[in-house]
Amino acid sequence: MNIWIAIAVTAVGCYAVKLLGLLVPVGVLEKPLVKRMAALLPVALLAALTAQQTFADGQALILDAKAAGLLAAAVAFVLRAPFLLIIGAAVVVTAGVRALGG
């Protein structure tokens, strides 16, 4: 039964956060600093999540095939490759390093 309590609390919490966002006055949302933060925050969170999933294993820092794949994706991105090619480069390099024993 505890799982249903956790689900209900999470649902109410999500609704409350959504409601708080709707209650923010328009004047606050029009400030340049708030606009800039709203534009940059998702990018920062996605970068942090990517770094954590790529380089962390519990409390340890690791460099393995995922890091090589991320590096390949970064190189393809800098070279302005199409999105699917960036993903493909990451997949191929990661699989290649794993196949070689990395």
Side-chain angles (χ1 to χ4, degrees):
M1 196 60 169
N2 288 340
I3 189 80
W4 291 109
I5 294 171
I7 291 171
V9 169
T10 302
V12 169
C14 288
Y15 183 77
V17 169
K18 183 79 166 180
L19 184 61
L20 282 174
L22 294 173
L23 295 176
V24 174
V26 175
V28 173
L29 298 176
E30 294 299 321
K31 292 183 180 180
L33 179 63
V34 174
K35 285 184 176 183
R36 182 97 170 124
M37 292 294 287
L40 294 178
L41 190 62
V43 175
L45 290 173
L46 184 58
L49 178 63
T50 301
Q52 192 273 335
Q53 290 292 316
T54 303
F55 301 116
D57 184 23
Q59 296 293 324
L61 183 66
I62 57 170
L63 290 175
D64 61 355
K66 293 182 288 187
L70 184 62
L71 180 64
V75 169
F77 179 76
V78 168
L79 295 174
R80 298 195 179 270
F83 180 70
L84 288 178
L85 189 60
I86 293 172
I87 300 299
V91 167
V92 167
V93 169
T94 302
V97 171
R98 285 185 177 163
L100 294 173

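Everything numeric here is computed off the predicted structure, so don't read it as measured data. Heavy-atom basis, side chains included; hydrogens, waters and symmetry copies ignored.
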Mind checking the [atom1]-[atom2] spacing from [X] to [Y]? Nearest 0.5 Å is all I need.
| X | Y | atom1 | atom2 | result |
| --- | --- | --- | --- | --- |
| Y15 | L20 | OH | CG | 11.0 Å |
| T94 | L71 | OG1 | CG | 10.0 Å |
| I62 | F55 | CD1 | CZ | 9.5 Å |

| field | salt bridge (Lys or Arg N to Asp or Glu O under 4.0 Å) pairs, two or more places apart, involving residues 23-37 | value | E30-K35

| query | Is there a path from V91 to F83 through hydrophobic residues (I, L, V, M, F, W, Y) whose side chains come within less than 4.5 Å of each other? | reply | yes

| query | Can you get from L61 to L63 by hopping between Ile, Leu, Val, Met, Phe, Trp and Tyr side chains that sit under 4.5 Å apart? | reply |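 Per the 4.5 Å side-chain linkage, L61 and L63 are co-clustered.
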
| said: side-chain contact (heavy atoms from CB on, under 4.5 Å), that's the test. Do V12 and V9 meet it? Break it down for me. | reply: CA-CA 5 Å; V12 169; V9 169; 5.9 Å; no

| said: Ignoring hydrogens, what is the shortest heavy-atom contact between L85 and A81? Give both atom names and the distance. | reply: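 Closest approach of L85 to A81, heavy atoms only: CD2-CB, 3.7 Å.
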
| Which heavy atom of V93 sits nearest a heavy atom of A72, and at what distance? | CG2-CB, 3.5 Å

| field | Other cluster members, L79 - Ile/Leu/Val/Met/Phe/Trp/Tyr, side-chain contacts below 4.5 Å | value |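 The other cluster members (ILVMFWY side chains, heavy atoms under 4.5 Å, direct or chained) are V75.
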
List the atom pairs, with distances to 0.1 Å, where a side-chain N or O of residues 42-54 and a protein N or O form a donor-acceptor pair under 3.5 Å, not counting sequence neighbours.
{"from": "T50", "atom 1": "OG1", "to": "L46", "atom 2": "O", "distance (Å)": "2.8"}
{"from": "T54", "atom 1": "OG1", "to": "T50", "atom 2": "O", "distance (Å)": "2.7"}

